[in-house]
Amino acid sequence: MTASETTYASFRTLKIPAQVTCLAAGGAGQLTVGSDDGSVRIYDLSTLKVVKAIRGLASVSSVVWQPQNASQPDCLWLASGRSVVAFTMDTDKMILTMSDAHLKLEVGSGDDDAVNELTMNKNGSQVAFCLDSGVVGVINLCNNEVSRMRNGHGTVCGSVRFVPNRPGELVSGGYNSTLLHFDILQSKLLSQDDLPPSGISIGAMAPSSGLAMSPPFILSLDISPTGVLAAGTADGRIYVGTSGEAGAGGGRQNRRRKWEGLRSDGRILQEVAQGPVTALAFTSPRELLTCTLLGSVASHEICGPVSNGGQLTIRSTWNRNAGDIFKVNAMVVWFQKDGAGVIEIWEEMGTTGADLSTKINCE
């Protein structure tokens, strides 16, 4: 391990009554947890006590926070069934129900068209969503208007992210093994990339020699603050796209009209695990954590330029196994065999291992 590398270690486990489906970090040291029993719990991480809860919803698949502004207090947006629901936190009530919701929007087109993930843009003015039907859409929080992109995935879309520093652009990943890049204002497709099956490589790395147990469904997605994209697949690979990286090519990306992160000359698809990569999150512009279905947490570094004869690679720096797990749903979220939920909170360790600071990875 080099001096610049960071490791993490599990230091606290939080058990809850229902299976955990999603989580998000809130302000002031809080953790928001959604469950398949239709409940949401907000924990104070210093005490691990519930400070507020929501009950009586359909299964909650995603939660995101809209930061407080001059006209509105903190607002929690959540995906529940085919609806997107908002709750403001300016109330003394400890337990909220649907009757306390600030807003409810049905964005799914049918009873089985559930919302899978929500994501908030940087300034809190838009929420993007994706559906089981493959539809990708955006809610304008100024007027609560819903718009849908003209193109979709045709099957389940499970991941969606705004492109940093590009307020009008969005990327989604679907179970059709395709990444789509949209212009939000015009609701049109700007670019796309189709992931090949295991055994076929893209980028500089050799193809996998193993047998693929699953197609390369895209299960997780994140974009670094500098515009590097990473996606985790069901067959244990990571897709990385660097052509949209800010400053790449001597600042060239900053002058481009659109983000170009799906370009073929700056991408790599590399096997990093023996099972589905169900969650990933950037921890720095070129470093990310991944977690597999069975709880293998690993750190990876994206190395090398793709120009001037350089070779793009993904280097794994360390690996840890989660504790009492049955099935991983998202970063730091695990299911126990008895049906209860478990959250493992990991700490960031300095290079000496002596100084610790809390690190919650929940994107």
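Heavy-atom basis, side chains included; hydrogens, waters and symmetry copies ignored. Throughout, residue positions are numbered sequentially from 1 according to the sequence presented.
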Closest approach of Gly34 and Val60, non-hydrogen atoms and distance?
-> CA-CG1, 4.1 Å
If you round to the nearest 0.5 Å, how far is CG of Leu289 from CG of Leu280?
-> 9.5 Å
Please test Thr178 against His153 for side-chain hydrogen bond (donor to acceptor under 3.5 Å, both in side chains), starting from the C-alpha separation and ending with a verdict.
-> CA-CA 7 Å; Thr178 298; His153 290 270; 5.4 Å; no
If you take all heavy atoms of Ile42 and Met89, which pair is closest and at what distance?
-> CD1-SD, 4.0 Å
Should we count CG of Asn140 as having more than 12 external heavy atoms under 6.0 Å?
-> yes
Relative to each other, are the rings of Phe217 and Tyr175 parallel, tilted or perpendicular (30° and 60° limits)?
-> parallel
Considering only heavy atoms from C-beta outward, does the side chain of Leu141 approach that of Ser125 to under 4.5 Å?
-> no
Reported OG-to-CG distance for the pair Ser296 and Asn321, which is rounded to 0.5 angstrom = 5.0 Å
SB check Asp37 Arg55 (cutoff 4.0 Å) = no
Among Val136, Val163, Val171, whose side-chain contact (heavy atoms from CB on, under 4.5 Å) with Phe182 holds?
-> Val136
Here the gap from Gln66 atom CD to Leu118 atom CG, rounded to the nearest 0.5 Å, amounts to 12.0 Å
Looking only at atom types and distance, does a side-chain atom of Ser243 sit under 3.5 Å from a main-chain N or O of Gly261, one as donor and one as acceptor?
-> no
What do the steps show when you test Thr313 against Gln311 for side-chain contact (heavy atoms from CB on, under 4.5 Å), and what is the final call?
-> CA-CA 6 Å; Thr313 62; Gln311 178 174 301; 3.5 Å; yes
Quick check: does any side chain N or O of Ser59 sit under 3.5 Å from a backbone N or O of Gly38, one acting as donor and the other as acceptor?
-> no
Donor-acceptor side-chain pairing of Asp113 and Ser133 below 3.5 angstrom | yes
Which pair of non-hydrogen atoms, one from Cys130 and one from Ser159, has the smallest distance, and what is that distance?
-> SG-N, 3.7 Å
Could Glu271 and Arg237 be called an ion pair, given the rule that one side-chain N must be under 4.0 Å from one carboxylate O?
-> no
Taking all non-hydrogen atoms of both residues into account, name the closest pair between Ala58 and Gly81 and its distance.
-> CB-N, 4.0 Å
Give the C-alpha distance, both sets of side-chain angles, the deciding distance and a yes or no for side-chain hydrogen bond (donor to acceptor under 3.5 Å, both in side chains) between Asp36 and Thr21.
-> CA-CA 6 Å; Asp36 72 342; Thr21 50; over 6 Å; no
Is there a donor in the side chain of Asp74 and an acceptor in the side chain of Thr88, or the other way round, less than 3.5 Å apart?
-> no
Give, for atom NZ of Lys104 and atom OG of Ser99, the distance between the pair rounded to the nearest 0.5 Å.
-> 11.5 Å
Verdict with reasoning, Glu245 to Trp259, per side-chain contact (heavy atoms from CB on, under 4.5 Å) | CA-CA 8 Å; Glu245 186 174 19; Trp259 179 77; over 6 Å; no
Examine distances only and state if a side-chain atom of Asp222 and a backbone atom of Ala230 form a donor-acceptor pair shorter than 3.5 Å.
-> no
side-chain contact (heavy atoms from CB on, under 4.5 Å) assessment of Asp193 paired with Tyr239 = CA-CA 10 Å; Asp193 203 1; Tyr239 172 105; 2.7 Å; yes
Cluster link Val160 to Val156, ILVMFWY, side chain under 4.5 Å | no
Derivation of the side-chain contact (heavy atoms from CB on, under 4.5 Å) call for Thr233 and Leu195 | CA-CA 9 Å; Thr233 70; Leu195 278 61; 3.6 Å; yes
Contact check, side chains of Thr242 and Arg263, non-hydrogen atoms, under 4.5 Å | no
Same cluster or not: are Phe282 and Ile314 linked, directly or through other Ile, Leu, Val, Met, Phe, Trp or Tyr residues, by side-chain heavy atoms under 4.5 angstrom apart?
-> yes
Between His181 and Gln192, is a side-chain hydrogen bond (donor to acceptor under 3.5 Å, both in side chains) present by the stated rule, with each step listed?
-> CA-CA 6 Å; His181 170 214; Gln192 73 176 69; over 6 Å; no
Distance from Leu76 atom CG to Lys52 atom NZ, nearest 0.5 Å?
-> 11.0 Å
Is Leu105 reachable from Leu78 through a run of hydrophobic residues whose side-chain heavy atoms are each under 4.5 Å from the next?
-> no
Are Ile223 and Leu190 grouped together when hydrophobic residues (ILVMFWY) are joined by side-chain heavy atoms under 4.5 angstrom apart?
-> no
Let me see the working for Ser187 and Asp183 under side-chain hydrogen bond (donor to acceptor under 3.5 Å, both in side chains), right down to the final yes or no.
-> CA-CA 6 Å; Ser187 300; Asp183 180 311; over 6 Å; no
Is there a side-chain contact between Leu229 and Leu221, using heavy atoms and a 4.5 Å cut-off?
-> yes
Between the side chain of Ser220 and the main-chain N/O of Val277, is any donor-acceptor distance below 3.5 Å?
-> yes
Answer whether the closest heavy-atom distance between the side chains of Leu131 and Val107 falls below 4.5 Å.
-> yes
Give, for atom OG1 of Thr226 and atom CG of Asn165, the distance between the pair rounded to the nearest 0.5 Å.
-> 9.0 Å
Are Leu179 and Phe162 connected in a single hydrophobic cluster, I mean Ile/Leu/Val/Met/Phe/Trp/Tyr linked by side-chain heavy atoms less than 4.5 Å apart?
-> no
Determine the minimum heavy-atom distance between Ser224 and Ser284, stating which atoms define it.
-> CB-O, 4.4 Å
Mark yes when over 12 heavy atoms from residues, nucleotides or ligands other than Asn143 sit less than 6.0 Å from its CG; otherwise mark no.
-> yes
Residues Arg257 and Arg166: closest non-hydrogen pair is O-NH1, 3.0 Å
Ignoring hydrogens and geometry, is there a side-chain-to-backbone donor-acceptor pair from Ser316 to Trp318 under 3.5 Å?
-> no
Side-chain heavy atoms of Val138 within contact of Leu170, under 4.5 Å | yes
Hey, are the side chains of Leu57 and Ser39 touching, using non-hydrogen atoms and a 4.5 Å cut-off?
-> no
Side-chain touch Val40/Val33, heavy atoms, less than 4.5 angstrom = no
Just wondering, more than 12 heavy atoms not from Lys49 lying within 6.0 Å of its NZ?
-> no
Will you find, in the side chains of His300 and Thr317, an N or O donor that is under 3.5 Å from an N or O acceptor?
-> no
Check: Val228 and Val240 side chains under 4.5 Å, non-hydrogen atoms | yes
